*Asks:* 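Before I ask anything, here is the structure I am working with.
Every value quoted in this text rests on a predicted model; they were computed, and no experiment measured them.
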Amino acid sequence: MSFFLDTQGEAAANAGFDWTGAWTVFYWAWWITWAPFVGSFIARISRGRTIREAVMGILVAPTLFCFIWFAFLGGTAINMELLQGLPISEAVFTDLTSSLFTVFSYLPMSEIFSILAMIMVSIFFITSADSATFVVGMMTSGGALEPKGGLKIFWGIIQGAIAAGLIVTGGLESVQAVALAAGLPFMVIMLFMVYSMLKGLREDEMVQPCTPIISTKGSKLQ
């Protein structure tokens with residue numbers, strides 16, 4: 001399914017919008033553009049962790065959370081649409097960004113759920129922006145592990161201005177185009193990075209730790 005691009009437009013004609021062509025390969029490029037600073041940020045905060053711990057905390061746990069999120073929210077929306085006759089799909093086609101709140105409006109304590117959703121979205125944007133400015137600050141200060149606050153504020157303003165400009169001038173389509181343009185060349189760099197990581201792990205395996213042995217005949221280490 002990920003490689004299906006709907007080149008004939010049949011799926012888009014029946015679904016009503018070009019989800020397949022716009023959001024499969026595009027999402028690969030989207031995450032590739034995030035890779036430089038997100039990877040650096042995760043490496044920075046994961047110092048001292050084992051590879052197993054990093055994989056569990058960075059890949060497995062978030063993936064399981066996403067499974068639960070899609071199962072509960074998606075399953076609830078499908079149940080409302082198919083079994084209860086509520087206009088969930090109509091809300092999605094009308095305004096995708098508000099469809100989540102449409103689902104909440106049919107649930108008990110809808111106001112509380114809506115507030116929690118807005119808090120979660122805010123946390124996502126704040127932490128993403130913070131990690132981006134932190135890593136760019138590191139890269140532009142000679143690799144300093146603790147870049148100055150003024151430098152991070154500067155890059156935060158620059159990134160916010162660029163994002164706002166793209167949204168105002170071209171909306172989501174302009175953001176997609178920039179992500180694709182930036183992600184394609186970095187994808188080649190990532191292949192070399194994977195090779196370098198595997199090479200480093202093999203070299204690390206060949207290094208045997210030197211364990212000091214205490215002689216029973218004296219106090220010197222052998």
*Asks:* Can you find a pair of side-chain heavy atoms, one from R44 and one from F134, that are under 4.5 Å apart?
*Replies:* yes
*Asks:* Can you see which heavy atom on M190 is nearest to which on A35, and at what distance?
*Replies:* SD-CB, 4.1 Å
*Asks:* Supply the atom-to-atom distance I45 CD1 to S40 OG, rounded to the nearest 0.5 angstrom.
*Replies:* 11.5 Å
*Asks:* Are L82 and F72 grouped together when hydrophobic residues (ILVMFWY) are joined by side-chain heavy atoms under 4.5 angstrom apart?
*Replies:* no
*Asks:* With a 4.5 Å limit on heavy-atom distance, are the side chains of S99 and I88 in contact?
*Replies:* no
*Asks:* Mind checking whether M120 and F113 sit in one hydrophobic cluster, side chains of I, L, V, M, F, W, Y counted as touching below 4.5 Å?
*Replies:* yes
*Asks:* Tell me, do M193 and F186 make a side-chain contact under 4.5 Å, heavy atoms counted?
*Replies:* yes
*Asks:* Are the side chain of S128 and the backbone N or O of F125 linked by a donor-acceptor pair below 3.5 Å?
*Replies:* no
*Asks:* Take atom CD of E111 as the centre, draw a 6.0 Å sphere, and report whether it contains more than 12 heavy atoms from other residues, nucleotides or ligands.
*Replies:* no
*Asks:* Give me the atom names and distance for the closest heavy-atom approach of A77 to V103.
*Replies:* CB-CG2, 4.0 Å
*Asks:* Is the number of heavy atoms from other residues, nucleotides or ligands within 6.0 Å of CE (M56) greater than 12?
*Replies:* no
*Asks:* Do E81 and L86 make a side-chain contact, defined as non-hydrogen atoms from C-beta onward lying under 4.5 Å apart?
*Replies:* no
*Asks:* Given the rule that I, L, V, M, F, W and Y join up when any side-chain heavy atoms are under 4.5 Å apart, are I51 and L59 in one cluster?
*Replies:* yes
*Asks:* Starting from I126, can I reach I157 by hopping between I/L/V/M/F/W/Y residues whose side chains sit under 4.5 Å apart?
*Replies:* no
*Asks:* Any heavy-atom pair between the side chains of P87 and Y106 that's under 4.5 Å?
*Replies:* yes
*Asks:* Hey, quick one: are L73 and I78 part of the same hydrophobic cluster, counting side-chain heavy atoms closer than 4.5 Å, chains of contacts allowed?
*Replies:* no
*Asks:* I need the L100 CG to S114 OG distance, nearest 0.5 Å.
*Replies:* 7.5 Å
*Asks:* Considering only heavy atoms from C-beta outward, does the side chain of M139 approach that of P147 to under 4.5 Å?
*Replies:* no
*Asks:* Check for a donor-acceptor pair, side chain of S46 on one end and backbone N or O of R49 on the other, with a separation under 3.5 Å.
*Replies:* no
*Asks:* Can you name the nearest heavy-atom pair linking L151 to S141, along with the distance?
*Replies:* CD2-CB, 3.9 Å
*Asks:* Nearest 0.5 Å, what's the CH2-CG distance between W69 and L64?
*Replies:* 16.0 Å
*Asks:* For a 4.5 angstrom cut-off between non-hydrogen side-chain atoms, does M109 reach L116?
*Replies:* no
*Asks:* Could you tell me whether a side-chain N or O of T133 sits under 3.5 Å from a main-chain N or O of D130, the two making a donor and an acceptor?
*Replies:* yes
*Asks:* So T102 and E90, do their side chains get closer than 4.5 Å, heavy atoms only?
*Replies:* no
*Asks:* Salt bridge or not for E146 and K152, using N-O below 4.0 Å?
*Replies:* no
